[in-house]
Amino acid sequence: MRVDVPVAAGAGVVWIGSELLKPQLAPSKCHWCEGNGVDDAVRGALRWRNTTAADAASGVIGFGLAPAGALGMLALVENHDDALHRWPTDAVLVLEAATIAADVNQLVKFGVGRERPFVHALPESEKGAVAHPSDNNLSFYSGHTNWVFALAASSGTVATLRGYRWAPWVWGGGLTVAFTTGYLRIAADRHYFTDVIVGAALGSAFGFAIPYLFHSPRRDPTAPTFGFVPTQGGGMLVAQWLQ
């Protein structure tokens with residue numbers, strides 16, 4: 001935890017700073033301006049008439065319900081296993097994975113410069129008159145989707161590594177919220193299908209990998225190890241205990 005707390009805090013500061021500096025960092029012109037057949041078909045099928053409502057719903061769910069649900073579900077399953085004292089540590093691990101995933105997402109968005117679908121549909125003369133023009137070319141890949149899948153995967157991974165009996169509920173609840181958020185980003189016409197798919201994949205990857213690689217239980221050093229030693233004409237099985 002001596003490392004995780006400053007890493008999580010630092011990643012959060014970087015993300016907030018990138019949001020504040022977005023007008024200076026975001027590309028003013030799209031580098032990737034066109035859609036494709038799959039994206040256009042999914043957009044036509046899932047886009048709501050009231051895209052503003054879908055956008056608002058995705059924001060409330062993605063940045064309100066998703067973090068509250070992930071951390072709240074962890075507290076619930078920990079309490080069920082008389083392990084509520086672990087919640088502060090587990091919460092830091094979840095937020096660490098999610099904020100690192102968010103930082104990588106911002107870096108990719110600024111570099112790729114994909115035009116958002118609703119902006120692409122506007123006449124060129126109207127593109128600069130939208131509410132937040134610095135967001136116009138930050139479609140790839142979906143930040144909301146990346147964030148919620150990172151929360152779902154990290155909270156589920158932590159619960160599984162801890163051996164909590166209700167860990168499947170953490171996975172199920174988190175992924176339900178995550179898929180809903182991804183759908184709403186397409187319904188809001190803020191992202192293409194491929195933006196959401198990549199956001200889901202990379203958010204899940206960071207959410208799983210960071211807790212698993214750095215915080216999975218280590219093998220007991222006093223446990224026996226077994227091996228096969230070749231000898232002339234055969235071999236023998238040996239066991240060794242490390243003290």
I'd like to check the side-chain hydrogen bond (donor to acceptor under 3.5 Å, both in side chains) partners of [X]; sequence neighbours left out, ordered by chain and number.
X    : answer
S142 : T145
D39  : N36, R114, T194
R116 : H191
N79  : none

Hey, can you pull the donor-acceptor pairs under 3.5 Å for the side chains in residues 167-176, sequence neighbours left out?
unit_1, atom_1, unit_2, atom_2, d
W171, NE1, G156, O, 3.1
W171, NE1, T160, OG1, 2.9
T176, OG1, G172, O, 2.7

> Measuring from L95:CG to I100:CD1, what's the distance to the nearest 0.5 Å?
Replying inline: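 Result: 11.0 Å between the selected atoms.
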Contacts table for residues 21-29: side-chain donor-acceptor under 3.5 angstrom, sequence neighbours left out:
unit_1, atom_1, unit_2, atom_2, d
K22, NZ, E19, OE1, 3.2
K22, NZ, E19, OE2, 3.3
K22, NZ, D135, OD1, 2.9

> Of all residues at least two apart in sequence or in a different chain, which pass the ring pair (Phe, Tyr, Trp, His ring centres under 6.0 Å) check with H31?
Replying inline: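 Applying ring pair (Phe, Tyr, Trp, His ring centres under 6.0 Å) to H31 gives none.
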> If you take all heavy atoms of A66 and V148, which pair is closest and at what distance?
Replying inline: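 Closest heavy-atom pair between A66 and V148: CB-CG1, 3.6 Å.
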> Looking at S154 and A97, what are the two nearest heavy atoms and their distance?
Replying inline: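 That would be CB-CB, 3.8 Å.
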Between the main-chain N or O of [Y] and the side-chain N or O of [X], is there a donor-acceptor pair closer than 3.5 Å?
X    : Y    : answer
W15  : G17  : no
D90  : V158 : no
N105 : Y141 : yes

Who pairs with [X] by side-chain contact (heavy atoms from CB on, under 4.5 Å), at least two apart in sequence or on another chain?
X    : result
V5   : M1, V92
P123 : S125, E126
P133 : V130, N136

Exercise answer: donor-acceptor pairs, residues 49-64 side-chain atoms, under 3.5 Å, sequence neighbours excluded:
unit_1, atom_1, unit_2, atom_2, d
N50, OD1, T52, N, 3.4
N50, OD1, A53, N, 3.1
D55, OD1, R185, NH1, 2.7
S58, OG, A54, O, 3.4
S58, OG, D55, O, 2.8
S58, OG, R185, NH1, 2.8

> Is there a path from L84 to V94 through hydrophobic residues (I, L, V, M, F, W, Y) whose side chains come within less than 4.5 Å of each other?
Replying inline: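 Linked within one cluster.
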>> If you apply the rule side chain to side chain contact (heavy atoms under 4.5 Å, CB included), what do you find for E96 with I210, and how did you get there?
In response: CA-CA 8 Å; E96 178 184 30; I210 290 174; 4.2 Å; yes
> So which residues get pulled into Y192's cluster when ILVMFWY side chains under 4.5 Å apart are joined, directly or through others?
Replying inline: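 Joined to Y192, directly or through intermediates: none.
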> Would you find more than 12 non-hydrogen atoms of other residues, nucleotides or ligands less than 6.0 Å from H85 atom NE2?
Replying inline: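 Yes - once you tally the heavy atoms of other residues, nucleotides and ligands closer than 6.0 Å, there are more than 12.
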